[in-house]
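Here the structure comes first, spelled out in structure tokens, and everything after it is commentary.
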Amino acid sequence: MFYIASKFLSFFVMPMGILCLLLIYAISTKNRTKSKKAVILAFIFLYIIGNSFLSNELFLWWEVPPTSINKVKQHDIGIVLTGGTINEDKLPIENIFLGGSADRMGQAIELYKKGKIKKILISGGGIEVLGQTQKLEIDEMAKYMIISGVAKEDIFLEKNAQNTRQNALNCSKILNKHFANQTYLLISSGFHLRRARGCFAKVGLKVDCFGADYISHERNFYWYNLVLPREGNLGLVQLLFREVIGYSTYKIMGWI
């Protein structure tokens, strides 16, 4: 219930929620002047968050910059966080369907094959809200890594974490028990690494970070990116808003 309530309430402080509130106000108010102002404000807000240049600048500001794989030192354990790497609700069940964040798996596999990490710890459990998922993301990630060349005995699973704080807490127990005093490389989305790094530091784990799933691109000044809005940017900015809200919430709770 808390999970559902938090998702519902957070919606209204994100771009789509703000647009909905502005349009609802414009429709419901009897003052025509205020209604027009609300509609104009909604269009201006939509244009700004749909602008490719501005949305890219936001992600360049927030994402932890990528690290050259050639400059990564050898680590004993690579920690890979789940979340969007697999489309686990798609059938047939024997197929592995990659999700939008599958790049972090690809990066982890490359790091492993290049000898940058010796073993991989995948962390993340499923959250059942309205029904049982067909398959677990973490299991599908492990299967994909195995068929991609990672030795089965080098993969370890932590299946209970349901948020980033629990990722850090649960991984710390496993690492301190089985892989104490070793070196760890945390692998997650570039826009999520701030929160993840803070959570792992809070539980006393010293980790280096390696970003993946980058949404930003190198800055350019093509006229169409500067002028024309794109519908896809709305979803990207929505994602960034959610992460900033999550980071701020964790900060207030003392989890980072």
Side-chain angles (χ1 to χ4, degrees), residues 2-29 31-66 81-85 87 89 98-104 127 129 163-164 188-199 209 211-253 255-256:
F2 173 78
Y3 177 79
I4 296 175
S6 64
K7 292 295 183 183
F8 180 79
L9 292 175
S10 64
F11 170 78
F12 291 103
V13 293
M14 288 194 263
M16 281 296 295
I18 294 171
L19 285 171
C20 287
L21 289 175
L22 285 171
L23 293 176
I24 290 172
Y25 176 78
I27 294 171
S28 60
T29 183
N31 187 311
R32 290 182 59 83
T33 301
K34 291 183 178 180
S35 178
K36 289 180 179 180
K37 288 182 178 179
V39 172
I40 292 172
L41 186 60
F43 274 108
I44 293 174
F45 182 68
L46 182 60
Y47 180 82
I48 292 174
I49 62 177
N51 183 276
S52 295
F53 179 81
L54 293 178
S55 64
N56 187 61
E57 288 298 308
L58 286 173
F59 276 98
L60 285 173
W61 161 70
W62 183 260
E63 289 178 326
V64 173
L81 305 186
T82 63
T85 61
N87 181 359
D89 292 319
L98 301 183
S101 299
D103 178 60
R104 80 184 68 163
I127 300 176
V129 179
N163 55 49
T164 311
S188 188
S189 300
F191 73 87
H192 182 247
L193 269 181
R194 284 177 185 251
R195 181 162 34 153
R197 179 176 58 190
C199 286
C209 294
D213 312 315
Y214 281 94
I215 295 174
S216 66
H217 53 75
E218 298 307 308
R219 184 179 289 112
N220 63 62
F221 299 95
Y222 299 129
W223 70 268
Y224 44 83
N225 284 335
L226 293 170
V227 177
L228 299 178
R230 294 185 179 180
E231 65 280 1
N233 293 327
L234 178 58
L236 296 179
V237 175
Q238 181 96 348
L239 181 67
L240 181 59
F241 267 58
R242 183 165 61 233
E243 181 59 29
V244 172
I245 291 169
Y247 180 90
S248 302
T249 302
Y250 275 43
K251 193 78 171 177
I252 293 170
M253 296 294 291
W255 294 347
I256 56 177

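What you see is a predicted model, and the numbers here were worked out from it, not measured in a lab.
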### Query
Do side-chain atoms of Trp62 reach the backbone of Phe191 as a donor and acceptor pair under 3.5 angstrom?
yes
### Query
Leu236 versus Leu240: any side-chain heavy-atom pair under 4.5 Å?
no
### Task
Could you pull out the closest heavy-atom pair between Met14 and Ile245, with the gap in Å?
CG-CD1, 3.9 Å
### Query
Which distance, rounded to the nearest 0.5 Å, do you find between the CG of Asn51 and the CG of Leu58?
10.0 Å
### Query
What's the shortest heavy-atom distance between Leu19 and Phe45, and which atoms?
CD2-CD2, 3.7 Å
### Summary
Rounded to the nearest 0.5 Å, the CE atom of Met16 sits from the CG atom of Leu234 at a distance of 6.0 Å
### Message
Distance check, rounded to the nearest 0.5 Å: Lys36 atom NZ versus Thr29 atom OG1?
### Response
13.0 Å
#### Entry: Heavy-atom side-chain contact between Val227 and Phe53 under 4.5 Å
no
### Message
Taking Ala102's backbone N and O only, do any of them form a donor-acceptor pair with Thr85's side chain (distance below 3.5 Å, no angle check)?
### Response
no
#### Entry: Distance in Å, Leu41 CG paired with Leu23 CG, rounded so as to fall on 0.5 Å steps
10.0 Å
### Query
Is the closest side-chain heavy-atom distance between Tyr247 and His192 below 4.5 Å?
no
### Task
Using the test ring pair (Phe, Tyr, Trp, His ring centres under 6.0 Å), find all partners of Phe241 that sit at least two apart in sequence or belong to another chain.
none
### Message
Using only atom types and a distance under 3.5 Å, with no angle test, would you say the side chain of Arg104 pairs donor to acceptor with the backbone of Leu81?
### Response
yes
### Derivation and outcome, ring-ring contact (aromatic ring centres under 6.0 Å, His included), residues Phe59 and Tyr214
CA-CA 9 Å; Phe59 276 98; Tyr214 281 94; over 10 Å; no
### Message
Please check this pair: side chain of Asp213 against backbone of Gly100, looking for a donor-acceptor N/O pair closer than 3.5 Å.
### Response
no
### Message
Does atom OH (Tyr47) have a neighbourhood of more than 12 heavy atoms from anything else shown, all under 6.0 Å?
### Response
yes
## Note on the structure
CG of Asn163 to CZ of Arg195, rounded to nearest 0.5 Å, is 8.0 Å
#### Entry: From Ile215 atom CD1 to Asp103 atom CG, the distance as rounded to the nearest 0.5 Å
11.0 Å
### Minimum side-chain heavy-atom gap Arg230-Asn225 below 4.5 Å
yes
### Query
What closest approach, in Å, do Gly198 and Ile256 show between heavy atoms, and which atom pair accounts for it?
C-CG2, 3.5 Å
### Non-hydrogen atoms of Asn56 and Ser216 that approach each other most closely
OD1-CA, 3.3 Å
### Task
Work out which heavy atom in Leu22 is nearest to a heavy atom in Ala42; give both atom names and the distance.
CD1-CA, 3.8 Å
#### Entry: Shortest non-hydrogen contact from Arg219 toward Leu60
NH2-CD1, 3.9 Å
